[in-house]
Protein chains: 2
Amino acid sequence: MKFSKIPSATITRLSLYSRALEELLQEHVNIIASDKLAQKCGVNPAQVRKDLAYFGEFGVRGVGYFVKELLFEIKKILGLNRRWRMALVGIGNLGLALVAHDNFVKQGYEFVAVFDVDPKKVGRRLPSGQTIYHMDELPTVVKDKKIDIGVIATPASQAQATARLLIEAGIKAILNFAPVQIQMPEGYIVENVDFTVKLDNLAYHLTMEAV
Amino acid sequence: MKFSKIPSATITRLSLYSRALEELLQEHVNIIASDKLAQKCGVNPAQVRKDLAYFGEFGVRGVGYFVKELLFEIKKILGLNRRWRMALVGIGNLGLALVAHDNFVKQGYEFVAVFDVDPKKVGRRLPSGQTIYHMDELPTVVKDKKIDIGVIATPASQAQATARLLIEAGIKAILNFAPVQIQMPEGYIVENVDFTVKLDNLAYHLTMEAV
DNA sequence: AAACCCTTGTGCAAACAATCACATAATAAA
DNA sequence: TTTATTATGTGATTGTTTGCACAAGGGTTT
Ligand SMILES: NC(=O)c1ccc[n+]([C@@H]2O[C@H](COP(=O)([O-])OP(=O)(O)OC[C@H]3O[C@@H](n4cnc5c(N)ncnc54)[C@H](O)[C@@H]3O)[C@@H](O)[C@H]2O)c1
Ligand SMILES: NC(=O)c1ccc[n+]([C@@H]2O[C@H](COP(=O)([O-])OP(=O)(O)OC[C@H]3O[C@@H](n4cnc5c(N)ncnc54)[C@H](O)[C@@H]3O)[C@@H](O)[C@H]2O)c1
């Protein structure tokens with residue numbers, strides 16, 4: 001079980017499997033074969049088995065996987081058997097949608113603090129319960145509330161500076177919604193959620209098709 | 001120039017280059033070397049050159065790339081030298097943030113129609129100008145407004161059905177925000193914007209680090 | 001016009017990822 | 001107990017992507 005040599009794409013797929021299994025559990029499906037799970041996630045059946053094989057033997061030959069058991073194991077692998085505490089920075093249009101989204105909480109991700117610099121916003125209380133802090137309070141609040149993950153929803157121009165502040169406050173992992181590539185020091189992680197890149201992909205394929 | 005064998009990761013990076021170049025243009029930088037551009041986008045310099053080499057020779061040896069010229073070429077490759085007309089389906093929390101986001105328009109992506117099934121929403125006018133249509137009107141509106149791209153922001157349970165309706169209305173490309181894997185027929189494209197998968201990645205890495 | 005930068009464009013090898021194909025093991029039926 | 005059936009786990013294979021290293025070529029200086 002050498003964690004270092006696990007393909008990063010495997011982790012992404014585990015997340016998909018987890019979601020599919022959650023759905024199957026709702027539907028009271030007890031057992032699932034790699035074929036069916038693969039189909040549900042749009043991947044190759046052998047891929048599913050190999051992905052899982054990195055971490056152990058979870059299936060029964062001739063039978064398949066027990067949904068509940070496999071889900072439990074995948075969640076353990078991904079670290080979803082606990083709650084993750086997030087801070088949102090920048091409560092604009094997108095930020096509001098994010099904190100209002102109750103699915104995150106269901107999956108174990110919780111916005112426990114919200115920050116902005118706009119004096120008209122700071123101090124206000126959100127419908128979802130959080131009070132908006134000023135960025136000056138970031139270092140103490142991050143420490144007090146034991147925040148694990150920082151979420152950047154500021155304008156692009158402020159994103160790099162915001163990342164620096166989050167890191168200085170002791171945060172190791174960042175989810176970035178701003179359309180810029182954020183430079184992170186060694187040992188810190190950033191994941192970008194990049195709407196425009198996805199649209200550009202669609203545009204490219206539509207353009208090619210037409211040729 | 002065999003389009004079929006171009007790595008999909010290359011297209012994604014072209015999108016990043018395009019954005020970086022746009023920024024450089026704002027700063028009145030005329031010439032950029034692959035080193036600098038690579039650093040800005042967090043990739044290897046050889047990667048930049050190789051990505052571009054798939055489509056032609058855009059640089060000048062010993063000098064670098066002319067920012068304006070390269071940007072123009074990349075935009076042409078990606079199909080960003082035109083406007084793309086999008087339909088949004090599901091105007092909830094996320095949908096509202098999307099239509100309010102004026103960056104899309106600046107980049108050539110425009111929400112020209114918005115759909116929902118909620119009778120309380122249908123017929124209302126959005127601050128961004130669009131009137132909310134009922135889903136029943138999808139087929140005619142898609143045709144009349146010549147829509148290229150469908151954007152799904154409905155609950156996950158409705159996403160697959162929505163995709164089917166979009167396809168039946170003649171749409172070839174879909175951007176999906178719902179946390180499900182959508183099954184598409186041959187020749188159609190879907191791109192998923194998947195917040196939770198990204199968070200799961202962060203959770204996994206944080207969990208590993210701690211070991 | 002020669003010598004010297006500098007940075008591109010690219011052949012090639014290495015690393016990484018996906019897929020095939022089958023031995024293996026569990027279960028059910030005969 | 002034997003045979004048939006089924007679907008996992010995995011070695012081998014194929015395919016894809018990345019990165020090194022350097023020849024090629026444009027520009028500049030002497
Ligand atoms: N809205 C969308 O649908 C959408 C889509 C794609 C990408 N994005 C990106 O997400 C980010 C946020 O988008 P938005 O539409 O919510 O923008 P917005 O302008 O509505 O909100 C930005 C918020 O950040 C705050 N802010 C500004 N500087 C700050 C700083 N230094 N520290 C803390 N807070 C700061 C502002 O006060 C504001 O409340 C942008 O980078 C945008 O490009 C948004
Ligand atoms: N809000 C977020 O930050 C966020 C984050 C990640 C993912 N998502 C996903 O994006 C999607 C939308 O999220 P949201 O927060 O805006 O949800 P929401 O409940 O606020 O909005 C959903 C909208 O879709 C409409 N709708 C429902 N069924 C429909 C149908 N069949 N056809 C057309 N419209 C229909 C509803 O009337 C509503 O207006 C969900 O799938 C959600 O999981 C949202």
Side-chain angles (χ1 to χ4, degrees), chain A residues 1-17 20-21 24 29-71 73-74 77 181 197 201 204, chain B residues 1-17 20-21 24 29-71 73-74 77 181 197 201 204:
Chain A
M1 227 199 275
K2 283 285 273 301
F3 288 104
S4 49
K5 52 209 283 284
I6 291 163
S8 68
T10 290
I11 303 307
T12 300
R13 282 190 298 267
L14 284 181
S15 179
L16 296 182
Y17 304 156
L21 290 167
L24 289 165
V29 178
N30 289 319
I31 293 177
I32 184 104
S34 58
D35 280 51
K36 293 275 164 32
L37 186 56
Q39 197 189 353
K40 234 175 137 62
C41 301
V43 304
N44 183 292
Q47 186 91 264
V48 172
R49 300 200 293 275
K50 185 144 276 188
D51 284 339
L52 296 174
Y54 285 114
F55 302 96
E57 302 199 0
F58 306 117
V60 182
R61 291 172 192 222
V63 177
Y65 301 90
F66 292 98
V67 172
K68 202 169 173 180
E69 193 185 307
L70 184 58
L71 179 57
E73 292 294 343
I74 292 181
I77 293 163
Q181 233 42 32
V197 167
N201 255 285
Y204 171 77
Chain B
M1 228 198 275
K2 283 285 274 301
F3 289 104
S4 50
K5 53 209 282 283
I6 290 165
S8 68
T10 290
I11 304 307
T12 300
R13 282 191 299 267
L14 284 181
S15 180
L16 296 182
Y17 304 156
L21 290 167
L24 289 166
V29 178
N30 288 320
I31 293 178
I32 184 106
S34 59
D35 279 50
K36 293 273 164 29
L37 185 56
Q39 197 188 352
K40 233 173 139 61
C41 300
V43 304
N44 182 292
Q47 186 92 263
V48 172
R49 300 198 295 274
K50 187 148 275 190
D51 284 338
L52 297 174
Y54 283 113
F55 301 95
E57 302 199 1
F58 306 118
V60 182
R61 293 176 192 221
V63 177
Y65 300 90
F66 291 98
V67 172
K68 203 168 171 178
E69 193 185 308
L70 183 59
L71 178 58
E73 293 294 343
I74 292 181
I77 293 163
Q181 233 43 30
V197 168
N201 256 284
Y204 172 78

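Just so it is clear: chains get the letters A, B, ... in the order the sequence lines come, proteins before strands, and each one is counted from 1. Only this structure's heavy atoms are used, side chains among them; waters, hydrogens and symmetry mates stay out.
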Novice: Given side chains that start at C-beta, do those of B/Leu52 and B/Phe55 come closer than 4.5 Å, heavy atoms only?
Specialist: no
Novice: Please give, in whole Å, the distance from C/dA15 P to B/Asn44 CG?
Specialist: 15 Å
Novice: Is there a side-chain contact between B/Ser34 and the phosphate of C/dT7, meaning an N or O under 4.0 Å from OP1 or OP2?
Specialist: no
Novice: Between A/Ile11 (CD1) and C/dA17 (C1'), how many Å, whole number?
Specialist: 14 Å
Novice: When you match B/Lys50 and B/Val60 each to their closest nucleotide on DNA chain D, which lands nearer the 5' end?
Specialist: B/Lys50
Novice: Nearest whole Å is fine: how far is C/dA17 C1' from A/Ile6 CD1?
Specialist: 14 Å
Novice: Return the 5'-most residue of the pair A/Val63, B/Asp35 with respect to DNA chain C, ranking by each residue's nearest nucleotide.
Specialist: B/Asp35
Novice: Using a 4.5 Å cut-off on heavy atoms from C-beta on, say whether the side chain of B/Leu21 contacts that of B/Val67.
Specialist: yes
Novice: A/Arg13 side chain N/O closer than 4.0 Å to the phosphate oxygens (OP1, OP2) of C/dA18?
Specialist: yes
Novice: Could you tell me whether A/Thr10 contacts a base, only the sugar-phosphate backbone, or nothing, with contacts defined as non-hydrogen atoms closer than 4.0 Å?
Specialist: nothing
Novice: To check you understand the geometry: which heavy-atom pair defines the closest contact between A/Gln47 and A/Arg13, and what is its length?
Specialist: OE1-NH2, 3.2 Å
Novice: Using heavy atoms to find the nearest nucleotide of DNA chain C for A/Ala9 and B/Ala33 separately, return the residue whose nucleotide is more 5′.
Specialist: B/Ala33
Novice: Just how far, in rounded Å, is C1' of D/dT8 from CZ of A/Phe58?
Specialist: 13 Å
Novice: To the nearest Å, how far apart are B/Arg49 CZ and D/dT18 P?
Specialist: 15 Å
Novice: Report the residue from A/Leu14, A/Ile6, A/Thr12 that forms a side chain to side chain contact (heavy atoms under 4.5 Å, CB included) with B/Tyr204.
Specialist: A/Ile6
Novice: Please check the phosphate of D/dG9 (OP1 and OP2 only) for any side-chain N or O of A/Tyr65 closer than 4.0 Å.
Specialist: yes
Novice: Less than 3.5 Å between a donor and an acceptor, one on the side chain of B/Arg61 and one on the base of D/dA24, is that the case here?
Specialist: yes
Novice: How close or far is atom P of D/dG26 from atom CD1 of B/Ile31, stated in whole angstroms?
Specialist: 15 Å
Novice: Could you tell me the separation between the CG atom of A/Asp51 and the C1' atom of D/dT8, rounded to a whole number of Å?
Specialist: 14 Å
Novice: Mark yes when over 12 heavy atoms from residues, nucleotides or ligands other than B/Phe66 sit less than 6.0 Å from its CZ; otherwise mark no.
Specialist: no
Novice: Ignoring the backbone of A/Gln47, work out which of D/dG19, D/dC22, C/dA18 is nearest its side chain.
Specialist: C/dA18
Novice: Whole Å only: how far is the CD atom of A/Glu57 from the C1' atom of C/dA23?
Specialist: 14 Å
